[in-house]
There are 2 protein chains.
Amino acid sequence: MSDNIRRNMPLFPIGTVMSLTELSARQIRYYEEHGLVNPARTEGNRRLFSFNDVSRLLEIKDLIDQGVNMAGIKKILIPNPTESDEEEKEEKVVKKELSDNELRKLLKDELIQAGRFNRTSLRQGDMSRFFH
Amino acid sequence: MSDNIRRNMPLFPIGTVMSLTELSARQIRYYEEHGLVNPARTEGNRRLFSFNDVSRLLEIKDLIDQGVNMAGIKKILIPNPTESDEEEKEEKVVKKELSDNELRKLLKDELIQAGRFNRTSLRQGDMSRFFH
DNA sequence: ATATGATGTTAGATTTTATAACACGAAAAA
DNA sequence: TTTTTCGTGTTATAAAATCTAACATCATAT
């Protein structure tokens, strides 16, 4: 219930996320540029990532490691395809470029990821103290 | 089991800890000076706090709010009194200064705190991915 | 009245992060 | 094959966050 709040709390600076995910700052910012994560910002404009953001980046990394490109990852991770305009175009193009086999593979990954990350419950007994 | 590892991972810069605990940087550093927390450091010497550190600071804050002073907090939170030399002296002095009533109060707080923070399990389904 | 304890504030140095631009190799397109 | 595009590395420059150390302050204890 409030687990969502907890998982969405902006907590980590990019340095921490780098070591947590073993992604470079460049990569993390690039994925953000493509709308795959939306870290909060401090007053001073520094990124602050939540547990959900980190999970997201770990998903992305898995997909990257499996050879999926940006377009594919967007297809998999961005739920509502009817909102952006630039992305929508790209996504359509991608769809045509993927074979049935590839699509099945992506779908499988998607389900695997969904399952994996829905289990991510982050029950931290005293996390309630983190909210005022 | 590896929950301990998870809870001890250096994750948070002092700014995050400030908003999480509502303590000032000055206070946090002061408590560290007194050995109440031992945050890790980055290569560049910036503090990185773990969940345990944050819990510790929240305990400290509770005690402060209850009117307990540094000496009392040390008494309560530092487990092994036979290790430091400077602290040991101070602690002995304090012991004499506390009335029976105060001692009971501190003991009660200690038990309350212990109970509260032993329940802090931090089971985060996918936290295992945070370790390499 | 003075000393101590806990915290605020300030100054100057260092680290971390930000954006933007350019480089580059691999893969895709022409 | 040549040319683009994609994903990432690298570099430069600026700004923010944090560090230590010193001094200020106010309440409490002596």
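So that the names make sense, note that chain A is the first sequence line, chain B the second, and so on, each numbered from 1. Because the structure is predicted, anything quoted here is derived from the model rather than measured.
Separating the CG atom of Asp65(B) from the P atom of dT7(C) is a distance of 10 Å, rounded to the nearest angstrom. For Met70(A) and dA26(C), the CE to C1' distance is 15 Å, given to the nearest whole Å. Between the CD atom of Glu33(B) and the C1' atom of dA6(C) there is a distance of 11 Å, given to the nearest Å. When the P atom of dG7(D) is taken as reference, atom CG of Leu36(A) falls 10 Å away, rounded to whole Å. Ile64(A) places its CD1 atom 17 Å from the P atom of dA26(C), with the value rounded to the nearest Å. Rounded to whole angstrom, the span from the CD atom of Gln27(A) across to the C1' atom of dG9(D) amounts to 10 Å. Rounded to a whole Å, the NE2 atom of His34(A) is 14 Å from the P atom of dT5(D).
Classification of the Phe12(B)-Phe51(B) ring pair by plane angle, with boundaries at 30° and 60°, yields perpendicular.
Residue Tyr30(A) places no side-chain N or O under 4.0 Å from the OP1 or OP2 atom of dT8(D). Dashed line: the shortest gap from a side-chain N or O of Tyr31(A) to OP1 or OP2 of dT8(D) is under 4.0 Å.
In this structure, of dT7(C), dG7(D), dG9(D), it is dG7(D) that holds the atom nearest to the side chain of Asn69(A).
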For a salt bridge (charged side-chain N to carboxylate O under 4.0 Å, His left out) check, start with the C-alpha distance between Arg26(A) and Glu32(A), then their side-chain angles and the critical distance, and finish with the verdict. CA-CA 10 Å; Arg26(A) 184 69 165 89; Glu32(A) 180 188 19; over 6 Å; no
Nucleotide-resolved protein contact map, nucleotides 11-27 of chain D, B/S/- at heavy-atom distance under 4.0 Å: ----BBBBBB-------
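Criterion: ILVMFWY side-chain heavy atoms under 4.5 Å apart, direct or through other members. Under it, Leu48(B) and Val54(A) are not part of a common hydrophobic cluster.
Applying side chain to side chain contact (heavy atoms under 4.5 Å, CB included) to Ile73(B) and the options Ile78(B), Asp62(B), Leu63(B) leaves one that passes, Leu63(B).
In terms of heavy-atom proximity, Ile28(A) sits nearest to Phe49(A) at CG2-CZ, 3.5 Å.
Ser50(A) and Asp53(A) share a donor-acceptor pair across their side chains, judged by distance under 3.5 Å alone.
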